[in-house]
> 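One structure, as structure tokens, below. Some questions next.
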Protein chains: 4
Amino acid sequence: MIRAAIIGGSGYAGGELLRLLLGHPAVTLTAVTSRSYAGRPVSAAHPNLTKVTALTFVEEELERIAAADVVFLALPHGASMVRVPALLERARVIDLGGDFRLRNAETFAAAYGMDHSAPALLAEAVYGLPELNREALREARLVACPGCFPTGALLALLPLARAGLLGTDVIFDSKTGSSGSGATPSQGTHHPERAQDLRAYGLFRHRHQPEMAQALSGALGRPLDVTFTPHSTPLVRGIFTTAYAFLPEPISQEALAALYADHYAAEPFVRLVEQARSVYVAHTNFCDLSFACEGRKVIVNSAIDNLVKGAAGQAVQNLNVMFGLPETLGLTFPGTHP
Amino acid sequence: MIRAAIIGGSGYAGGELLRLLLGHPAVTLTAVTSRSYAGRPVSAAHPNLTKVTALTFVEEELERIAAADVVFLALPHGASMVRVPALLERARVIDLGGDFRLRNAETFAAAYGMDHSAPALLAEAVYGLPELNREALREARLVACPGCFPTGALLALLPLARAGLLGTDVIFDSKTGSSGSGATPSQGTHHPERAQDLRAYGLFRHRHQPEMAQALSGALGRPLDVTFTPHSTPLVRGIFTTAYAFLPEPISQEALAALYADHYAAEPFVRLVEQARSVYVAHTNFCDLSFACEGRKVIVNSAIDNLVKGAAGQAVQNLNVMFGLPETLGLTFPGTHP
Amino acid sequence: MIRAAIIGGSGYAGGELLRLLLGHPAVTLTAVTSRSYAGRPVSAAHPNLTKVTALTFVEEELERIAAADVVFLALPHGASMVRVPALLERARVIDLGGDFRLRNAETFAAAYGMDHSAPALLAEAVYGLPELNREALREARLVACPGCFPTGALLALLPLARAGLLGTDVIFDSKTGSSGSGATPSQGTHHPERAQDLRAYGLFRHRHQPEMAQALSGALGRPLDVTFTPHSTPLVRGIFTTAYAFLPEPISQEALAALYADHYAAEPFVRLVEQARSVYVAHTNFCDLSFACEGRKVIVNSAIDNLVKGAAGQAVQNLNVMFGLPETLGLTFPGTHP
Amino acid sequence: MIRAAIIGGSGYAGGELLRLLLGHPAVTLTAVTSRSYAGRPVSAAHPNLTKVTALTFVEEELERIAAADVVFLALPHGASMVRVPALLERARVIDLGGDFRLRNAETFAAAYGMDHSAPALLAEAVYGLPELNREALREARLVACPGCFPTGALLALLPLARAGLLGTDVIFDSKTGSSGSGATPSQGTHHPERAQDLRAYGLFRHRHQPEMAQALSGALGRPLDVTFTPHSTPLVRGIFTTAYAFLPEPISQEALAALYADHYAAEPFVRLVEQARSVYVAHTNFCDLSFACEGRKVIVNSAIDNLVKGAAGQAVQNLNVMFGLPETLGLTFPGTHP
């Protein structure tokens, strides 16, 4: 059994991670920390886990945490980078936050508004999108799980990027559920004003944009101008992304379908469907893709669950790759209808 | 024109009051106060009023406020009772809060957890349900608008109470929208946990229970055991109440229908419908009622908009009665479909 | 491995059953029928199962179906009773519909508006609420799974009924999600008119009422007057029931808590919680209960997922009991937060 | 008083039109037709209008209909073009459908899949977006109200188009509420599958695309490549559009703000706000706009209510322009918070 610890288990991503690891047949949870819930049962923060586990949150102590094979961090931005150097001396680390996603410390500082305290690790950290970096993940010591928006956006256009078929501009128009804002109430997640609202936010300055640009330009082999517009919607779970790409040459629907089918043939969690819909990937680790083209214009739609494939599920998928386990272990929940 | 002022205009009830009074053909708004928004335009708190009014929130100053014919208070519980005595020397007062709804100071203290600072006014205050107290309202100096739950509950059973047809027990099972919790975000209105949730709260100890008991027992002429269970639902607007009454004798559907038709024949805002539904009263001052019976058991359903008939709309209806205006003035918005 | 077949796999209950049985470690699905989808992959009706199974719907043929150890029926009312006699000659039967829930053919005829074609089997059929009938289920040939409303209602009051603590009347005020109406669009599930609506329906004449009365009177040992009011809400998944009971004698909160704790101590799927909420049981087989009392009045709240504990999950739980398997097998999904 | 008739009053757009015209101080409704509801009260189709009007739907008879100054048509596509020639002989016509929006009969045939039966009128019909065609509307005999999507999309980019500041490509990524699908239940509006779903549809082939291209190219003075992607969301009311434009030259936020402020200074129903949100325009005739830029890239967000500014409200606005009335008459409902 792989011994795993979680730092920061009381938020939504931490709660999903807990749920998934509790049901993972090859993992034993050795410790789950929470500053605000230390000493209280896990079900105090996550009532869904009542009668499912008797686990109790503990204070964060290095000795206890690091007595694990792998440590997951589900913390606010900036909180991982001060912990990871010490943790790495004893365990492999999977970070669900943003601290190690960007390879360049200056880009990080610009995006997150703080200096990086462990810039030397940026080059070593593996960006944890298995569909992009599976080989590097197998031996990784430090894995930076992608942001929720980049996960859906990148899976939408990776086949075109790797085939060199992107022009100079791509646009990601993304629509997210409210669970992406976390467990703390705020004006933006106040039910009376969210339940029937749609709005865009962070135009031209969301911190997931440089992450998308880095990964997609990397796959393409040259710089790419990435525009990213997130939207708040009444969904609870899910990110639906509409990606717009302008190809150097016209492409046919058949050629596009063949490219995607070929690219994702072996991927256990990517499904090519007639019409991607967020409702069918809720609570699963799937990313559903559908697409259409007209001349040089290609539109790809992707649907993921922001807390599973966009966070905790992908972290577990990374664990499976890192430890040589079947990649779907612990991630087989098929979603529901409806 | 009637000069009106509002104390506490930045919350949801205050915002609806603002909206209704701005569109009221016989009212001029002389001042609207807000501690947190003073000096800022009304649309800063209520973006729906952008380009609708150029009004600005002001600090609360007695001189300015009381230079009105009528002062509305839309404040947290306990904040009205310390203001009303001074206000009453200069203007008539319509209170949307709970401070003057209960006639007994001890009942108030038990329900609200604080002593009443102006108990002498409790006997004078008129309980502002026009369908119950229209005559008393005409000359009232101080009107206490009913709570949102009591409004829908009382209208459901008043005909039976006044006809002396209630037994010893009634049950009000009420389902409310999230706007009833006000404009401040909280765990209970956090979208991810509210959007698909249903739960009961405050069992046997909600402060609207004594208010219901007082009014219904008053109408019946003898004490009544009132059970009230509020529920949180994913609605934004609306309270739907299912009232259970046990009559002394069996009643027929025809007799029940005749009783209600007769009782509410002249009421402009009560509609007897086949099936009350919250969606059709949203944003209106209507209360829709439907009912059924079996033997001695009667079930009455009522649907209101908690912020209109349950708060600001009823306050305006009271204003109309107090000032001898047509009762529907400024309250003619018919709702929408859907 | 237990060989199982499903008749009627394209609806919501059938889809959930499919999903649960596909993930059940002791079950092999031998056939799934659908009149409208025969010949097409299961994922055509249930897109969530894309890439999860390669199963294809088949026509209903007795030979193929009955070559199973157990046959599940997920059909409209009236469709099971004409199939069950032939099926029972070869396999055990678990019916998710209403045909065999009522023991009395006349009560059935009155509730369902049709004569029963196999009344002789009514006495044999075991009402499949494991918390009530576990022993009888072990050897049952024919199991009638309870309706979704009765499941939550009965679990709320069974401890009081079995302790002989119910008076003459109980009221079940239930609030249901839209998935309970099935997969076929209708006016009542039209999104624009359902998303923000609350209404009651079927007052005094819902067919789940006699089912509740039969089971609860049976547990109590004498007739009981059961009032049941279902409500449509904007939930998708879930039934939340508020049960009102009037006890012969006053009871304390401590005594009530002890009674429930004792009664449900060994139940794997009943949780006693501070505040039952539908959101925390969604997609699980749990029934969460909370309660309060005042004098002789007791209120019990129950929350279930109508398609899992209220339908397909309970059917699988029954399967586990019938075949001597651990009762939670295949039913361990813990729900999510949020 | 202007005498108005409505052909097709039982759908959602017709219902909103009814509601608005019933409250319009300069209009008398002379007839409202409905094939399915003829002879029944208007409130049978629109329960919100119970006690608001005693009007009854009538059969469609030319004599009765055309005894009006203006006839509104709220009919399925293809149903207006066969009626308009006869109607025009007696009354002015405002069509809410798509039959007269496109100036070219071939484009119409391609978009709507049917030949146009009155192509001679296409040149005469005035495209009823007052912000674009106010002058032409004053004398128009036949007005074709824009589609719901084009209304929000065009208002987002008209200032740039008229200033000649658009490049070769624009993208409209639009998110719509379910009321846009009309009053008839369908799989796409089935609550269990819509309440938490997001999906794109009609990629590259929605019939509102040529309408957008025609109007925007017209304003720009040269052809423009318009990509339009509609999305289904859990909203009931509202269309939120994110418009992407690539300018010939970089522009500053200040210059952009000045351009929009100048362009829309006199418009009563266009509001420039910090962040457009669908919730604040619900049930109103407003279009809220916000925008941002980076280099040559401009993003404009627009929010409208699809049934008001996107349909019935705009039709009434057109009426006001056509008959020389104040443009906001009957359209002053300010929306609500929340």
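Each chain gets a letter, A, B and so on, in the order the sequences are listed, and its residues count up from 1.
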> With a 4.5 angstrom heavy-atom cut-off, is it the side chain or the backbone of C:Y12 that approaches chain A, or both, or neither?
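It is both, since atoms from each part get that close.
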> What parts of residues 18-39 of chain A touch chain C if we use heavy atoms and a cut-off under 4.5 Å?
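Only A:R19 of residues 18-39 of chain A have a heavy atom under 4.5 Å from chain C.
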> Would you mind checking which part of C:P234 comes under 4.5 Å of any heavy atom in chain A, side chain (CB onward), backbone (N, CA, C, O), both or neither?
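The answer is neither part of C:P234.
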> Quick check: are there more than 12 heavy atoms from other residues, nucleotides or ligands sitting under 6.0 Å from CD of A:Q187?
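Result for CD/A:Q187: enclosed.
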> If we define contacts as heavy-atom pairs under 4.5 Å, which of A:S179, A:P338, A:S178 has the most with chain C?
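Between A:S179, A:P338, A:S178, the count favours A:P338.
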> Check whether the side chains of A:N301 and A:T242 place a donor and an acceptor atom closer than 3.5 Å, and report yes or no.
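Side chains of A:N301 and A:T242: pair found under 3.5 Å.
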> Are any of the side-chain heavy atoms of C:F291 and C:I299 separated by less than 4.5 Å?
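A side-chain contact is absent here, since even the closest heavy-atom pair is not under 4.5 Å.
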> Considering heavy atoms only, which positions within residues 307-320 of chain A lie below 4.5 Å of chain C?
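Only A:L307 of residues 307-320 of chain A have a heavy atom under 4.5 Å from chain C.
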> Determine, for A:F57 and A:R40, whether the Lys NZ or Arg CZ falls below 6.0 Å from the six-membered ring centre while staying within 45 degrees of the axis.
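No, A:R40 does not lie over the aromatic ring of A:F57.
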> Return the set of residues passing side-chain hydrogen bond (donor to acceptor under 3.5 Å, both in side chains) with C:H337 (not counting sequence neighbours), or none when no residue passes.
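A:H46, B:E193.
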> Is there a donor-acceptor contact under 3.5 Å linking the side chains of C:S186 and C:T189?
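Looking only at side-chain atoms, C:T189 and C:S186 do form a donor-acceptor pair, the distance falling under 3.5 Å.
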> Run the salt-bridge test on A:E267 and A:R134 with the 4.0 Å N-O cut-off and return the result as yes or no.
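A salt bridge links A:E267 with A:R134.
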> Enter the distance from A:S174:OG to A:F240:CZ here, rounded to the nearest 0.5 Å.
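One finds 10.0 Å between OG of A:S174 and CZ of A:F240.
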> If only atom types and distance count, is the side chain of A:E327 paired as donor or acceptor with the main-chain N or O of A:F269 below 3.5 Å?
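Answer holds: no.
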> For the interface with chain A, which of C:G15, C:P47, C:G335 has the highest count of heavy-atom pairs at distances below 4.5 Å?
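Of C:G15, C:P47, C:G335, C:P47 has the most heavy-atom pairs under 4.5 Å with chain A.
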> So, using salt bridge (charged side-chain N to carboxylate O under 4.0 Å, His left out) as the criterion, who are the partners of A:R277 when residues are at least two apart?
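Salt bridge (charged side-chain N to carboxylate O under 4.0 Å, His left out) list for A:R277, sorted by chain: D:D197.
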> Taking C:H283's backbone N and O only, do any of them form a donor-acceptor pair with C:D305's side chain (distance below 3.5 Å, no angle check)?
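Yes.
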> Tell me, side chain or backbone of A:A282 under 4.5 Å from chain C's heavy atoms, or both, or neither?
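Contact with chain C involves no heavy atom of A:A282 at all.
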> Would you mind telling me which of C:N306, C:T233, C:T151 makes a side chain to side chain contact (heavy atoms under 4.5 Å, CB included) with C:I239?
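The single option meeting the side chain to side chain contact (heavy atoms under 4.5 Å, CB included) with C:I239 is C:N306.
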